[in-house]
Undergrad: 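Take this structure, written in structure tokens, and hold onto it; I'll ask about it next.
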Protein chains: 2
Amino acid sequence: MEAMYKQIKQSIKSKILEGLMQPHEKISSESELMSQFDVSRHTVRVAIGELVNEGWLYREQGAGTFCADRTKNDSYSSRLPQKNIAIVTTYISAYIFPSIIRGAEAYLSEQGYHVSIFNTNNKHEQEKKIINLLLEGNYDGVIIEPSHSASATPNLRYYLNLEKAQIPYVMINAIYDELEPIYFMMDDELGGYLQTKHLLDLGHQNIACMYKTDDAQGQKRLKGYIKAYRESNVPLHPKNIITYSTENNIAKPKQELKRLLTAKMDRPTALVCYNDQLVLQLMDEVRELGIRIPDELSLVGYDDSMFAEVSEIKLTSITHPKSKLGLDAAKAIIQMIRPNEANHQSMESLSKLYEPELVVRQSTAAFRGVADI
Amino acid sequence: MEAMYKQIKQSIKSKILEGLMQPHEKISSESELMSQFDVSRHTVRVAIGELVNEGWLYREQGAGTFCADRTKNDSYSSRLPQKNIAIVTTYISAYIFPSIIRGAEAYLSEQGYHVSIFNTNNKHEQEKKIINLLLEGNYDGVIIEPSHSASATPNLRYYLNLEKAQIPYVMINAIYDELEPIYFMMDDELGGYLQTKHLLDLGHQNIACMYKTDDAQGQKRLKGYIKAYRESNVPLHPKNIITYSTENNIAKPKQELKRLLTAKMDRPTALVCYNDQLVLQLMDEVRELGIRIPDELSLVGYDDSMFAEVSEIKLTSITHPKSKLGLDAAKAIIQMIRPNEANHQSMESLSKLYEPELVVRQSTAAFRGVADI
DNA sequence: TCCGATTTGTTCGTATGTATG
DNA sequence: GCATACATACGAACAAATCGG
């Protein structure tokens with residue numbers, strides 16, 4: 001114990017052991033320690049460095065060096081972290097999820113985490129199995145998209161078990177209200193509102209909508225659609241509201257669209273859709289009926305995905321943060337895992353509600369007065 | 001990884017992982033490393049210091065620094081035998097990969113495995129880092145798509161280390177020949193052949209092609225293109241062969257297409273493309289030039305992806321097994337991990353070369369004799 | 001056993017970069 | 001924008017342990 005740095009080490013360690021230092025309390029800065037012990041900065045750094053390695057302290061650049069919280073994950077279990085993060089989505093392959101996953105994966109890999117993916121197929125039952133796996137497994141954090149988020153989750157207890165096991169999680173795209181989680185999602189109500197408002201502003205009055213309503217996103221977008229109508233004082237025909245669910249996926253919308261467009265009167269002049277993918281799938285039907293887009297029918301998509309720019313008539317759509325959302329969620333989960341670097345008061349303010357924006361392209365046009373005007 | 005000491009750290013760690021350093025073997029002395037990396041002693045010491053903390057090395061004053069024996073390093077690699085499979089692809093989000101991943105994930109989850117995903121961005125360097133992670137981690141098997149597969153891999157030793165560590169792996173979409181791995185991929189040469197043959201059969205003679213040639217898939221498709229031409233005895237203009245790489249991705253093809261189509265003479269009447277995505281991206285250019293598809297220009301895509309059915313003019317394309325390929329690869333890797341149920345004589349015959357098929361849609365039409373016929 | 005060369009251990013000084021508040 | 005605090009890096013010196021001759 002003759003080495004100076006060892007004496008300094010012992011001195012700091014003693015203060016912690018004597019309870020004079022509380023977890024997350026800042027210790028003297030390096031320059032203060034230099035004068036206290038009358039040594040060079042390097043020596044101080046060696047002492048602190050070893051204490052950091054042994055788990056007594058943690059450093060934050062620009063802020064200071066702090067006393068670690070040793071109350072739990074006693075010494076060894078946390079000394080050799082596996083560093084695993086799980087991402088649970090409803091569908092892995094379709095559509096925008098790959099972008100979200102990529103955004104998260106890029107950051108998490110960089111931080112040295114392993115990213116595991118799971119797929120619920122939008123089913124509560126599958127979600128339950130997966131959370132069980134997570135509990136048994138060795139995960140440090142979870143990014144999860146709630147399944148079937150329109151209905152209350154039967155898996156509440158499993159989520160609470162996650163919390164009990166101190167596995168932090170964030171929700172993306174939607175939330176289960178009961179859990180009040182950290183979330184990263186769009187303001188879908190505003191999105192639906194913007195879709196509809198755009199068409200109303202273009203003079204359309206008879207606007208149909210098609211929303212998938214077994215997840216919360218669709219329900220909120222529908223709410224926004226109704227809100228836009230109410231504000232505009234244009235009468236809203238209930239027959240114009242079409243909802244569908246994951247199971248009847250594409251069949252029902254196609255069928256309903258055909259019914260609407262071949263009706264003898266009150267044919268809609270515009271259509272807002274749950275997402276770009278749906279628009280593309282419906283476009284073929286529209287073409288078959290010989291209806292021109294956008295002259296005879298305006299279409300608005302959602303997500304501003306690659307689909308929006310791929311068809312001959314580029315889609316007017318609503319922006320979605322996609323990989324940015326994945327990145328933000330990843331950053332948040334890391335912060336929740338390592339609160340040392342974070343300011344813990346802001347835990348709740350990590351959540352983000354992304355404000356959607358309208359992107360006008362070629363699939364919408366002003367209403368051209370016909371018939372009964 | 002820009003800090004010098006981190007580079008040095010990585011360099012030393014790599015040597016250990018590559019098997020160039022045996023346990024208890026002495027590494028270069030501090031002064032040797034100083035001149036090797038042209039840094040100060042301090043920097044070398046920081047690098048070594050961290051590796052000692054992480055358990056890779058140990059120091060003996062007066063004697064030197066030595067490679068630690070990690071073989072039976074309790075608590076570290078051997079903790080939680082947890083049933084993990086890694087899927088390594090070049091890109092996670094784009095295009096058909098999500099389908100492949102989904103196919104594999106569905107089966108592996110069912111078998112109780114955790115699926116981790118990694119992204120090389122088609123770069124050898126990143127691939128190396130990931131294999132390092134896999135070696136350090138606790139993976140039972142690996143499904144990997146080789147990065148930049150057109151060129152020989154500089155990561156041969158890392159792959160051999162996977163074998164040494166008895167971590168089975170299968171390759172998808174392409175292979176590094178040197179390794180003679182179990183593989184799941186398409187017969188890309190036949191695919192390129194079918195694309196071209198279809199157009200030749202339709203009477204086209206002046207067929208351009210655009211292939212991404214920094215991965216083996218593109219090179220093989222190009223080979224098929226040439227083979228079809230040779231068989232048909234139709235002369236092949238070298239100017240019709242356009243190749244590009246990941247870096248210049250979309251810019252070069254667009255530019256070259258414009259050059260080809262605006263040429264005064266010998267304008268191609270058909271174009272075969274590396275994949276459907278490329279076709280869609282080029283379609284806009286074609287429209288801008290006022291050229292009608294398929295009357296004035298036939299287009300053939302590849303992969304039979306969702307893109308093929310999304311545009312107004314549905315694409316003639318080549319089938320790709322997608323999620324089937326993922327599923328087969330997953331089944332194979334499980335069989336390699338648990339040879340108990342399997343008949344081990346068939347280990348080598350697990351590989352599959354998928355036979356592509358042509359799907360004719362609307363983007364190709366018979367050549368309408370003009371000019372010189 | 002001692003010597004001297006080598007190698008790691010400890011400590012000083014200085015400078016610049018970068019994140020935080 | 002500024003001061004503070006940690007991060008990275010260069011140079012130098014002497015101490016302590018090891019090892020071959």
Side-chain angles (χ1 to χ4, degrees), chain A residues 1-13 15 21 24-68 107 110-112 327 331-332 334-335 338-347 349-350, chain B residues 1-13 21 24-68:
Chain A
M1 185 59 63
E2 50 193 307
M4 268 311 294
Y5 83 92
K6 286 185 180 170
Q7 292 176 39
I8 298 171
K9 236 182 101 175
Q10 192 52 54
S11 161
I12 296 171
K13 203 159 139 185
K15 278 193 184 163
M21 302 293 305
H24 306 297
E25 188 180 338
K26 189 175 171 301
I27 71 165
S28 309
S29 75
E30 292 178 355
S31 47
E32 282 166 340
L33 290 169
M34 280 168 72
S35 49
Q36 268 180 49
F37 292 93
D38 193 30
V39 295
S40 75
R41 172 136 182 259
H42 189 91
T43 304
V44 171
R45 279 187 67 74
V46 171
I48 292 177
E50 292 210 353
L51 287 171
V52 168
N53 275 321
E54 290 167 23
W56 296 92
L57 302 174
Y58 62 91
R59 297 198 256 220
E60 273 181 39
Q61 184 176 169
T65 303
F66 305 85
C67 185
Y107 179 78
E110 204 176 83
Q111 298 292 312
L327 174 63
K331 282 185 176 169
I334 295 300
Q335 214 167 107
R338 302 191 291 215
N340 32 337
E341 302 172 15
N343 24 4
H344 4 86
Q345 86 284 357
S346 69
M347 240 358 157
S349 61
L350 284 173
Chain B
M1 188 60 71
E2 92 187 72
M4 272 308 297
Y5 82 89
K6 286 185 180 171
Q7 292 177 38
I8 297 170
K9 227 182 112 177
Q10 190 55 48
S11 161
I12 296 172
K13 202 158 136 187
M21 302 293 306
H24 307 299
E25 189 181 338
K26 187 175 171 300
I27 70 165
S28 309
S29 74
E30 291 177 358
S31 47
E32 280 167 339
L33 289 169
M34 281 169 70
S35 51
Q36 265 181 52
F37 291 95
D38 196 28
V39 294
S40 71
R41 176 148 175 245
H42 180 83
T43 305
V44 170
R45 280 188 65 77
V46 171
I48 292 177
E50 291 207 354
L51 288 170
V52 168
N53 275 320
E54 290 167 24
W56 296 93
L57 303 174
Y58 62 90
R59 297 198 257 218
E60 276 181 31
Q61 186 175 170
T65 304
F66 305 84
C67 185

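Note on naming: letters A, B, ... go to the chains in the order of the sequence lines (proteins, then strands), and numbering restarts at 1 for each one.
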Undergrad: Please state how far atom CD in A/Gln7 lies from atom C1' in C/dT10, giving the value in whole angstrom units.
TA: 12 Å
Undergrad: Starting at atom CD of B/Glu60, determine the distance to atom P of D/dA17, rounded to an integer number of angstrom.
TA: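 Rounded to whole Å, this separation is 13 Å.
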Undergrad: Would you list the protein and nucleotides 1-4 of chain C atom pairs, both N or O, that sit under 3.5 Å from each other?
TA:
none

Undergrad: Can you name the residues that form a ring pair (Phe, Tyr, Trp, His ring centres under 6.0 Å) with A/Phe37, not counting sequence neighbours?
TA: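 Counting only residues at least two positions away or on another chain, A/Phe37 forms no ring pair (Phe, Tyr, Trp, His ring centres under 6.0 Å).
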Undergrad: Based on the rotation axes of five pairs at each end, what angle does the helix from C/dC2-D/dG21 to C/dG21-D/dC2 bend through, to 10°?
TA: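 Roughly 20° between the end axes, to the nearest 10°.
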Undergrad: Measuring from atom CD1 of B/Ile8 to atom CD1 of B/Ile48, what distance do you get when rounded to the nearest 0.5 angstrom?
TA: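 Answer for the CD1-CD1 pair, B/Ile8 versus B/Ile48, is 8.5 Å.
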Undergrad: Please find the pair of heavy atoms, one from B/His24 and one from B/Phe66, that lie closest to each other, and give the distance.
TA: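 The pair with the smallest heavy-atom distance is O-CD2, 3.6 Å.
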Undergrad: When the distance from CD1 of B/Ile27 to P of C/dT7 is rounded to whole Å, what number comes out?
TA: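 Atom-to-atom, B/Ile27 to C/dT7, this comes out as 12 Å.
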Undergrad: Name the orientation class of the two ring planes belonging to A/His42 and B/His42 (parallel below 30°, tilted from 30 to 60°, perpendicular beyond 60°).
TA: perpendicular
Undergrad: Quick one: pull up CD1 in A/Ile27 and CD1 in A/Ile12 and give me the separation to the nearest 0.5 Å.
TA: 4.5 Å
Undergrad: Identify the two heavy atoms, one from B/Trp56 and one from B/Lys13, that lie closest to each other, and give their separation to 0.1 Å.
TA: CZ2-CE, 3.8 Å
Undergrad: Who passes salt bridge (Lys or Arg N to Asp or Glu O under 4.0 Å) against A/Lys9, sequence neighbours left out?
TA: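 Residues passing salt bridge (Lys or Arg N to Asp or Glu O under 4.0 Å) with A/Lys9: A/Glu50, A/Glu54.
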Undergrad: Where along nucleotides 12-19 of chain C does protein come under 4.0 Å, by heavy atom, of base (B) or sugar-phosphate alone (S), with - for untouched nucleotides?
TA: BS-B-BBB
Undergrad: If you take all heavy atoms of B/Glu32 and B/Ser29, which pair is closest and at what distance?
TA: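 Closest approach of B/Glu32 to B/Ser29: OE1-N, 2.8 Å.
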Undergrad: Of all heavy-atom pairs between A/Ala68 and A/Gly55, which one has the smallest distance, and what is that distance?
TA: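 Taking A/Ala68 first and A/Gly55 second, the nearest heavy atoms are CB-O, 3.5 Å.
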Undergrad: Nearest to the side chain of A/Ser31, heavy atoms from C-beta on, is which of D/dA9, C/dT7, D/dA5?
TA: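 The answer is D/dA5.
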Undergrad: B/Phe66 CZ to C/dT6 C1': how many Å, rounded?
TA: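 Interatomic distance, CZ of B/Phe66 to C1' of C/dT6: 12 Å.
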Undergrad: Starting at the 5' end of DNA chain C and moving along, which residue's nearest nucleotide shows up first, A/Val46 or B/Ile48?
TA: B/Ile48
Undergrad: Given D/dA7, D/dA9, D/dA5, which nucleotide is nearest the side-chain atoms of A/Arg45?
TA: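 Nearest to the side-chain atoms of A/Arg45, counting from C-beta on, is D/dA7.
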Undergrad: Write out all pairs satisfying salt bridge (Lys or Arg N to Asp or Glu O under 4.0 Å) with one or both partners inside residues 36-49 of chain B, taking only residues at least two apart or from two chains.
TA: B/Glu30-B/Arg41, B/Glu30-B/Arg45
Undergrad: What is the minimum heavy-atom distance between A/Gln36 and A/Ser28, and which atoms define it?
TA: NE2-OG, 3.4 Å
Undergrad: What is the distance, rounded to the nearest whole Å, between atom CD1 of A/Ile8 and atom C1' of C/dT11?
TA: 10 Å
Undergrad: Side chain of A/Thr65 only, heavy atoms from C-beta on: which candidate in D/dC6, C/dT10, C/dT7 is closest?
TA: D/dC6
Undergrad: Can you tell me the distance, in whole Å, between the CG atom of B/Leu57 and the P atom of C/dT7?
TA: 16 Å
Undergrad: If I take atom NZ in residue A/Lys9 and atom P in nucleotide C/dT11, what distance separates them, rounded to the nearest angstrom?
TA: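 Atom NZ in A/Lys9 sits about 12 Å away from atom P in C/dT11.
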Undergrad: Over all heavy atoms of both residues, which pair between B/Met21 and B/Cys67 is shortest? Give the atoms and the distance, please.
TA: CB-SG, 4.1 Å
Undergrad: Take the protein atom CD of A/Glu32 and the nucleotide atom P of D/dA5, then report the distance between them rounded to whole Å.
TA: 6 Å
Undergrad: Please check the phosphate of C/dG9 (OP1 and OP2 only) for any side-chain N or O of A/Lys6 closer than 4.0 Å.
TA: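 No, because none of the side-chain N or O atoms of A/Lys6 sits under 4.0 Å from OP1 or OP2 of C/dG9.
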